[in-house]
Every structure is written in C-alpha cells, then in structure tokens.
Amino acid sequence: MRFVAFVHRHGGRILPEGWSRVCPADDTGHPYVVVDVGVVVDVDVDVGVGSGQDHDHDHVTPVPRKPRMYPPVHVADISRHEGQEVTLHGWLQGRRSSGKLHFLQLRDGTGTIQCVVFRGNVAPETFHEADHLPQETSLAVTGLVKRDERSPLGFELDVRGLSVFARPSREYPLGHKEHGVAFLMEQRHLWLRSQRQQVILRVRHTVEKAIRDFFDERGFTLVDAPIFTPSACEGTSTLFEVPYFDLGKAYLTQSGQLYMEAAAMALGKVYCFGPTFRAEKSKTRRHLTEFWMVEPEVAYMDLDGDMALMEEFVSHVVQTALARHRKELVSVLERDVSKLENVKPPFPRITYSEAVEVIRKAGHPMTWGDDIGGDEETVVASQFDRPVMVHRYPASMKAFYFKKDPADPRVALGCDVLAPEGYGEIIGGGQREDDLAALERGIVEHRLPAEAFEWYLDLRRYGSVPHAGFGMGVERCVAWLCGLHHVRETIPFARMMERITP
RNA sequence: UCCCCAGUAGCUCAGUUGGCAGAGCAGGUGACUGUUAAUCACCGGGUCGCAUGUUCGAGUCAUGCCUGGGGAGCCA
C-alpha cells in the first residue's frame with residue numbers, strides 16, 4: 001500500500017494514499033503539507049519539512065517514527081492511560097450536543113467511550129464537524145484520558161482533535177429506538193455492532209474455546225468429520241441434497257458421530273467440532289438449519305462414563321463462561337446468573353420411566369413410549385436447580401446405533417441433558433451398539449440401506465469395543481447461558497427455513 | 001406439513017361504523033457548558049405488501065397470493 005505523510009507544525013501522521021481529503025487541517029486550522037512517502041511496510045522516516053503556509057514557524061517538523069495503522073490505544077485499556085493524550089480509532093455510535101459541548105460515543109470493538117468536545121479545545125471547524133457527523137462515521141479521535149465519575153466506563157476522552165476515515169454514504173438504518181426482529185435479522189450485518197450482539201458473540205467465542213480446552217486437556221484428539229456425506233443415514237427428509245459430480249447426490253452432514261466412532265477406534269478419545277445441517281422444516285426458537293455441534297467419542301467407555309463426561313463437560317463450559325462474562329451477562333443481557341452458579345456436578349439423573357411419572361404427576365397425560373415434548377421437557381427440568389440427565393429411553397425412539405440395555409432390552413443406553421429454564425435438550429448421546437449381529441438387525445429394523453453402512457460395520461468386525469459419546473449444540477448452550485429467547489442471536493449469521501440472507 | 005398472528009413514512013406503531021394519511025424516533029436547520037434513548041423550536045418525508053372484488057367512496061369489508069413472525073411435529 002502506498003502511504004502519504006501529513007505534516008504540520010505540531011507533527012504529522014502517515015495514512016494510506018487517498019485519505020488526504022479526511023485530513024484537511026490540523027487542530028488549530030493550519031493546513032497539512034502532503035508528502036508522498038511511497039510504498040512502505042514499516043515506516044521509519046525523518047522528513048524535514050516546514051509548512052509552506054506557516055511563516056511564523058520555520059523549524060523542522062518531525063514526522064513520527066514507526067507509525068502504525070492500528071490505533072495505539074483501545075477503549076478496553078483506557079484506564080492504563082489516565083492523564084495521557086491518546087488516539088482512538090472507532091465508529092460514532094451516538095452523538096449529543098449541549099451548546100459549547102458535544103458528546104460523541106465512540107465504539108472501537110473493545111468498548112465504548114464518551115468523547116467530550118469542548119469548543120475552547122479544538123479548531124472551530126472541528127467543533128462544527130463534531131456536531132454534524134452521522135451515526136457510524138469511522139474516525140480517529142485524539143484527546144486526554146480523564147477519570148470521570150459520571151461515566152459508566154469511569155473515563156472520558158477530552159478531545160483535542162479528530163479526523164474522519166469515512167462518512168456513511170447513506171443514513172445508518174439502525175437507530176437507537178427499538179426495532180422488530182424481522183428488520184434486525186435483515187440488517188444482521190449491522191446489528192452485530194450493537195453492544196448486545198457483541199456480548200453474545202463473545203460468550204459464543206468463550207464457549208467454543210472452553211469446549212476445545214476441555215477436551216484437549218483430557219487427551220482427546222480433534223478429528224474433523226466430513227461435511228459431504230454419501231448417503232442418507234436416518235432418512236432423507238432431514239438432509240440437504242447437493243449434486244456431486246458423476247457420483248450422483250451427496251448430502252450435508254447431520255452428524256459426525258459415525259466417523260468419530262471410526263476415529264475413536266484409532267485414537268481412543270476423539271471429538272469433532274463443526275457445522276451441522278438439518279433440512280427439517282422446523283420453525284421454532286430452538287432450531288436452525290445450520291448449527292455447530294461438538295461430538296466427543298471414547299473407546300472403552302460405557303453409559304455411566306459417558307454421563308460423567310457430560311456433566312463434567314457442561315459444568316466446565318458454563319463455569320468458564322460465567323467467570324469470564326459475569327459482568328456483561330448481568331449488565332447487558334440482564335441474565336439471572338444465580339441460576340448458572342448451580343451448574344456443577346453431580347447433575348440429577350432420572351430414567352425415562354421416572355420422567356414419565358414426573359410428567360404424569362404434573363398433570364400431563366402421557367404413556368410409556370411417548371416422546372417427551374417441549375412442554376414435558378420443561379416440566380421435568382423445572383424440578384431441579386441444574387441440568388437434568390434423562391437416560392434409558394425406549395429403544396424404538398432412538399437411532400439404530402444405540403446399544404440396548406442388557407437389563408431391559410426395551411430401553412436404549414442413551415442419555416439426554418435437559419437445560420433448566422425451558423431451554424430443553426442441549427446434549428444427546430449414549431453408548432453405541434458394539435455387537436455386529438445386533439447392529440445388523442438394527443439397520444434392517446430401521447430400513448436403512450445396508451451397503452452404505454458396510455464400513456461402519458467393519459468397526460465391529462475388527463476388534464469391537466464398548467464405546468460411547470454425545471453431541472452438544474453450541475447455539476442452544478449459548479442461548480441458555482445468555483438467557484436468550486431464540487437461538488438465532490447466538491450465531492453470527494443464522495440460517496433458518498425462511499432466511500438465508502445476509 | 002399443520003395451526004395462529006402481522007404487513008401503513010428509513011424504524012416502531014396508531015388509524016373510530018367505510019368518509020381529506022397520523023404520532024414518536026431517525027434525518028435536515030437552529031438554540032443550549034454535562035448530555036447518557038438529552039431537551040426545545042422549525043422543516044422535509046407515503047405504490048397503506050400485491051391482485052381482484054363489493055361500494056358513490058376501501059388503510060378499513062371479502063377472496064386469493066406474497067413476505068415475515070410465533071407455535072406444533074422432529075431434533076442439538
């Protein structure tokens with residue numbers, strides 16, 4: 001990139017070529033002299049230039065050494081610079097005016113700071129411009145960092161100068177008033193700039209890192225599962241179809257589990273973490289067509305071990321997010337974090353049969369073998385102050401690969417973790433069928449194409465072992481942590497039945 | 001796939017029994033030295049989702065369609 005130095009009697013700056021129009025003058029109204037410094041990577045120039053317009057001062061003007069494109073100071077670190085003059089780069093979030101004072105809310109991605117422009121401290125042009133910049137103008141603001149009791153941040157910037165990177169070419173669509181969900185989802189690329197969305201995405205980031213850390217620290221190996229899969233494993237209705245060269249149709253994965261079983265036989269403890277696709281026409285607050293799922297799988301582990309892993313895992317993720325984001329969860333998202341503090345082992349464990357009794361006692365008609373619906377889930381979850389583990393569902397309700405309970409063949413060795421407060425199932429998993437003959441029977445009973453599972457059956461032919469695993473949906477977990485009504489806010493760009501843009 | 005709701009200014013919404021299209025916010029101009037969604041004054045802003053029908057007259061009533069939202073089923 002070609003750079004240009006803007007030099008005046010007090011100093012200067014180096015900016016990319018073409019930005020001269022945004023730096024017409026220095027703080028006192030003296031014009032800059034433009035010096036082409038050419039293509040540079042790490043500028044280290046010492047150009048002696050006196051301003052042609054400045055006849056009172058003919059001394060040599062120093063150009064700053066090693067200037068950087070990135071701002072030297074961020075809002076998050078502002079307390080370290082009390083009393084210093086600093087330059088912040090950010091976007092104009094809002095603006096208020098009171099005669100000889102203008103208040104600019106500058107957002108830089110790490111925080112928002114109020115910049116106070118006092119008429120006596122800046123050039124008249126700067127003062128006028130400060131009151132006419134539109135929302136979301138990108139700008140550099142220079143000023144003194146001052147502690148102020150009236151500021152929610154604790155600090156303000158006493159402005160001495162500002163320069164604009166770019167003024168919006170049209171009015172910013174998102175005002176400070178309330179907006180409808182449909183409109184905000186259409187403006188999702190801009191909605192991300194709001195404080196609320198920033199907090200949610202940071203919590204998501206923490207959750208994803210906590211997931212990786214949890215498994216990495218326990219000796220798991222991350223194994224990436226394929227996204228294109230060759231056949232419909234559990235019925236075509238839930239899968240997205242894509243053309244695949246001369247091989248016909250491929251499908252977008254709805255789970256990496258079968259591949260993790262193969263990987264567990266090679267590496268022992270493995271997990272995959274990636275996007276998952278469901279073509280089911282679900283229109284609820286808990287559903288997306290594209291979502292992220294983490295799926296661990298462990299060789300030589302039974303259902304009990306799996307359930308212990310689940311509760312330890314969920315607790316780690318929740319407590320990590322709570323420790324890092326408690327303040328924003330409370331102040332920005334108004335989350336009642338006391339409900340998250342209980343999320344520590346051991347979690348209550350009830351069988352499906354016990355859950356049916358709980359649901360019946362609560363007045364919901366239900367017979368053994370019925371699925372537990374959304375309302376029933378909430379009834380069960382509301383009995384406890386932390387996530388509840390419901391295990392040993394009727395085998396007919398579960399996928400073909402679940403192992404049946406030797407003590408009661410009607411039920412499968414599966415377990416779901418239901419989050420409190422109506423957030424529902426965040427984890428589903430269990431022990432896999434390790435007996436070749438039983439697995440083959442399951443494939444027939446579920447009317448699945450046997451040839452597509454030959455490779456999977458090989459895992460039972462060559463040293464089959466008990467093994468188990470589970471899958472957790474990242475969005476449901478984040479929605480629960482943040483106390484959100486809908487999972488669509490937990491993913492940067494939600495993909496739903498009725499929405500694929502932006 | 002099924003059920004319910006909504007669509008009026010850039011945004012959020014009001015609009016009486018069917019009788020001249022409205023408010024707040026945002027935007028523009030100005031006032032104010034401490035504003036936190038500032039306040040105050042003035043100004044500009046409309047294919048009432050689309051189509052057909054009923055009527056002297058439709059934002060309003062009817063039918064169909066489109067788009068979005070909420071829920072069910074299924075799931076994470």
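Note: hydrogens, waters and symmetry copies are ignored here, and every other heavy atom, side chains too, is used. Numbered from 1 within each chain, the chains take letters A, B, ... in sequence-line order.
In the model, H132(A) has no side-chain atom that pairs as donor or acceptor with a side-chain atom of E129(A) under 3.5 Å. Using modelled atom types and a 3.5 Å distance limit, the side chains of Q197(A) and E489(A) yield a donor-acceptor pair.
One donor-acceptor pair, N or O on each side, does fall under 3.5 Å between the base of rU35(B) and the side chain of Q114(A). In terms of polar N and O atoms assigned as donor or acceptor, the side chain of S282(A) comes within less than 3.5 Å of the base of rC74(B) in a complementary pairing. In this model, a side-chain donor or acceptor of E156(A) finds a partner on the base of rG34(B) within 3.5 Å.
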Practice problem: At under 4.0 Å between heavy atoms, which parts of nucleotides 65-71 of chain B does protein reach? Answer with one letter per nucleotide, 5' to 3': B base, S sugar-phosphate only, - none. | Solution: ---SBBB

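Salt bridge status for E156(A) with K146(A): absent, with no side-chain N to carboxylate O gap under 4.0 Å. The pair R349(A)-E311(A) counts as a salt bridge, with a side-chain nitrogen and a carboxylate oxygen less than 4.0 angstrom apart. The pair E208(A)-R204(A) meets the salt-bridge criterion, with a side-chain N (NZ, NE, NH1 or NH2) lying under 4.0 Å from an Asp/Glu carboxylate O. With respect to D216(A) and R218(A), no salt bridge is recorded, no charged nitrogen being found less than 4.0 Å from a carboxylate O.
Across all strands shown, rA6(B) pairs with rU67(B); the Watson-Crick or G-U wobble distances both stay below 3.5 Å. For rU12(B), the paired nucleotide is rA23(B), the pair qualifying as Watson-Crick or G-U wobble because both relevant distances are below 3.5 Å. With a 3.5 Å ceiling on both atom-pair distances, rU35(B) lacks any Watson-Crick or G-U wobble partner. The base-pairing partner of rA41(B), taking Watson-Crick or G-U wobble contacts with both distances under 3.5 Å, is rU29(B). Figure legend. rA72(B) is base-paired to rU1(B); pairs are counted as Watson-Crick or G-U wobble with both atom distances under 3.5 Å.
Nucleotide rA76(B) holds its C1' atom 12 Å from the CD1 atom of I211(A), rounded to whole Å. Counting to the nearest Å, the P atom of rU12(B) and the CD atom of Q187(A) are 10 Å from each other. One interatomic measurement links the two molecules: CG of L101(A) to P of rU36(B), which rounds to 13 Å at whole-angstrom precision. We find that CD of Q195(A) is positioned 17 Å from P of rU36(B), with the value rounded to whole Å. Rounded to whole angstrom, the span from the NE2 atom of H102(A) across to the C1' atom of rG30(B) amounts to 12 Å. Regarding E149(A), its CD atom lies at a distance of 18 Å from the P atom of rU36(B), rounded to whole Å. Atom-to-atom, CG of D131(A) to P of rG28(B) comes out at 10 Å; the value is rounded to the nearest Å. Atom P of nucleotide rA76(B) and atom CD of E425(A) are separated by 5 Å, given to the nearest angstrom.
The side-chain heavy atoms of V117(A) and V122(A), taken from C-beta on, include a pair separated by under 4.5 Å.
As rounded to the nearest Å, rC20(B) and rC3(B) have P atoms that lie 38 Å from one another. Taking the C1' atoms as reference points, rG18(B) lies 8 Å from rC61(B), given to the whole Å. For the P atoms, the distance linking rU60(B) with rA51(B) amounts to 12 Å, nearest Å. One C1' atom belongs to rC40(B), the other to rC32(B), and the distance between them is 9 Å to the nearest Å. Atom P of rG19(B) sits at a distance of 37 Å from the matching atom of rC2(B), rounded to the whole Å. Comparing rG57(B) with rA21(B), their C1' atoms are spaced 16 Å from each other, to the whole Å. For the C1' atoms, the distance from rG49(B) to rA6(B) is 11 Å, rounded to whole Å. The P atoms of rC56(B) and rA14(B) are separated by 31 Å, rounded to the nearest whole Å.
Residue contacts for Y172(A): at a heavy-atom cut-off of 4.0 Å it reaches no nucleic acid atom on any strand shown. Within the 4.0 angstrom heavy-atom criterion, no nucleotide atom of any strand lies near E475(A). L174(A) comes within 4.0 angstrom of nothing in the nucleic acid, heavy atoms only. Nucleic acid contact class of D371(A) (heavy atoms, under 4.0 Å, all strands): sugar-phosphate only. Using a 4.0 Å heavy-atom criterion, one finds that T276(A) contacts no nucleic acid atom at all. If you check every strand for non-hydrogen atoms under 4.0 Å, H287(A) touches a base. Heavy atoms of I426(A) sit under 4.0 angstrom from primed sugar atoms or phosphate atoms, though from no base atom.
Stacking between F103(A) and the base of rG34(B) is absent under the criterion of ring centres within 5.5 Å and planes under 30 degrees.
H467(A) pairs in a side-chain hydrogen bond (donor to acceptor under 3.5 Å, both in side chains) with only one of the listed residues (K403(A), E261(A), Q431(A)), which is E261(A). Just one of F214(A), Y271(A), F220(A) meets the ring pair (Phe, Tyr, Trp, His ring centres under 6.0 Å) condition when paired with F313(A); it is F214(A).
Remark: side-chain polar atoms of Q198(A) are paired, donor with acceptor, to backbone N or O of R193(A) under 3.5 angstrom.
Comparing M397(A) and F183(A) by the nucleotide of RNA chain B that holds the closest heavy atom to each, the one mapping nearer the 5' end is F183(A). Nearer the 5' end of RNA chain B, as judged by each residue's closest nucleotide, is the contact made by E376(A), out of E376(A) and T289(A).
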